Each structure stands twice: as structure tokens, then as C-alpha cells.
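As C-alpha cells, the structure follows; a few thoughts come after it.
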Amino acid sequence: MDLNQHPNPQGEREKFVLAFNDTMLKIWQEQITLLDVIDTGRLLHSVSALPVRADGRFIEIGLSQAFLEYGLWQDFGTGKEIPRGNNGDIGREKRRVAKKWFSKKYYSSVLNLRDFLADNIGQSFVGVVAKALDDTYRRYNH
């Protein structure tokens, strides 16, 4: 096992998490544009990353992104077309179509973040255990 595989795992985690936020904004804006989820442009310009909350080691992380609420209804293909309480029969075919600009890409990106953090933190732990079991390291560093 190469203990130098992750020379600065904490720095790698911090970079990855910050890049995740930036990448999500770019993906969402790209999807909004590609799927033509644009009427006034307010949704396109509303996506934002809120400040990252992290402990100093980037092991416990809080990420938040924001956009206008009606973006969810565009993603689901629902909205004002059918009034509340209606059984779904509005006398004509439903025109709204789900435009999956948010959910699919977000879910897969969150899974990528999960996998990266699991590997990165796992490698850090392996390094700690390996050093603890190394007689030479313990003899000269404790």
C-alpha cells in the first residue's frame, strides 16, 4: 500500500467539495438551457451555491444549493395547468411535460461525491492505522 497515494487528503476533500458546488451550478444552468426551461430567465439566474459548512477536516460537510421553487415543478412537469382538487380531467390533454433539469444529474453527482469522500477518508484512515502499527514510526515519533 502506497501511503503517499493521498499526500494531502484533507486538501483534496476541500477542493472536491468546492468544485462540486461550482459544477452543480454549471450543470443545472446547462440543463435549463438545453431543455428550454426558460420563460423569463429567472430560474436560470436563480441557481446559486450557499456557503459550504465543514469541520476543519472536511469530514463533516454541509452543502446547499438554491434555485427558485418553480424549478421543481418544471422538473416534475406539474404546475398551474391543473387546479388543486381536480381529478386530472381538465377537458383537454395535459400540455406540461417533465423537464428533468435538476433531479437526474443531481442524484448521480451526489453519489459521485459520496464515493470520492468514502475513498479519500478511507485512505486517510488506512494511513493512520498503518503508521500506528509501524514499529519504526512509533519508536521515533512518540
Side-chain angles (χ1 to χ4, degrees), residues 1-134 136-138 140-142:
M1 163 110 225
D2 180 12
L3 294 179
N4 293 323
Q5 184 176 358
H6 293 279
N8 182 4
Q10 178 180 325
E12 286 181 16
R13 285 191 298 271
E14 183 176 358
K15 274 177 41 180
F16 196 94
V17 167
L18 296 175
F20 174 86
N21 258 357
D22 291 339
T23 302
M24 284 316 312
L25 298 183
K26 289 174 185 160
I27 287 172
W28 286 347
Q29 288 173 329
E30 175 184 284
Q31 290 298 305
I32 288 170
T33 303
L34 286 173
L35 296 172
D36 195 27
V37 189
I38 298 175
D39 183 25
T40 64
R42 288 182 59 221
L43 178 61
L44 179 65
H45 299 296
S46 74
V47 295
S48 62
L50 303 178
V52 173
R53 288 185 342 268
D55 65 0
R57 301 164 295 163
F58 272 77
I59 291 176
E60 186 174 321
I61 301 162
L63 288 172
S64 299
Q65 297 87 24
F67 50 82
L68 292 175
E69 181 182 348
Y70 84 87
L72 289 176
W73 312 130
Q74 290 286 330
D75 192 68
F76 296 139
T78 60
K80 294 180 183 177
E81 182 177 47
I82 300 174
R84 283 187 197 191
N86 185 292
N87 65 3
D89 180 13
I90 58 175
R92 58 177 167 74
E93 285 199 35
K94 183 177 180 251
R95 288 192 305 253
R96 288 188 182 258
V97 179
K99 296 178 181 176
K100 298 290 185 187
W101 69 273
F102 163 71
S103 55
K104 287 181 183 178
K105 294 267 186 177
Y106 189 71
Y107 183 70
S108 69
S109 295
V110 167
L111 293 182
N112 288 339
L113 178 61
R114 177 203 65 187
D115 293 345
F116 169 79
L117 290 174
D119 178 59
N120 184 278
I121 293 169
Q123 292 294 333
S124 292
F125 180 75
V126 167
V128 168
V129 171
K131 285 180 181 177
L133 298 176
D134 181 10
T136 305
Y137 179 83
R138 282 187 298 150
Y140 294 109
N141 294 293
H142 288 67

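Values in this document were obtained by computation on a predicted structure and should not be read as measured data. The first residue in the sequence is number 1, and the count goes up from there.
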Roughly how far, to the nearest 0.5 Å, is CG of Leu18 from OG1 of Thr23? 10.5 Å
Closest non-hydrogen atom pair, Gln31 against Lys100: OE1-O, 4.3 Å
Shortest non-hydrogen separation from Gln29 to Leu44 and the atoms involved: NE2-O, 3.4 Å
CZ of Phe116 to NZ of Lys15, rounded to nearest 0.5 Å, is 9.0 Å
CG of Leu68 to CG of Leu72: how many Å apart, nearest 0.5 Å? 10.0 Å
Please tell me if the side chains of Gln123 and Asp119 come closer than 4.5 Å, counting only heavy atoms from C-beta onward. yes
Quick one: pull up NZ in Lys99 and CG in Leu34 and give me the separation to the nearest 0.5 Å. 12.0 Å
To the nearest 0.5 Å, atom CZ of Arg13 lies from atom CG of Asn120 at 4.5 Å
Using 30° and 60° as the class boundaries, would you call the ring planes of Phe102 and Tyr106 parallel, tilted or perpendicular? parallel
Got a sec: does the CG of Asp39 have more than 12 other heavy atoms crowding it under 6.0 Å? no
Value for CG (Asn112) from CG (Leu117), rounded to nearest 0.5 Å, stands at 11.0 Å
Geometric class of the Phe67/Trp101 ring pair [parallel <30°, tilted 30-60°, perpendicular >60°]: perpendicular
Distance-minimising heavy-atom pair for Leu50 and Asn21: O-ND2, 3.7 Å
Can you tell if the side chain of Val52 reaches within under 4.5 Å of the side chain of Glu14, non-hydrogen atoms only? no
Shortest non-hydrogen contact between Ile38 and Thr33, atoms and distance: CD1-CA, 4.0 Å
Where is the tightest heavy-atom contact between Gln65 and Phe20, given as atom of each residue plus distance? NE2-CE2, 3.7 Å
Flag side-chain contact, heavy atom, 4.5 Å: Ser109 against Met24: yes
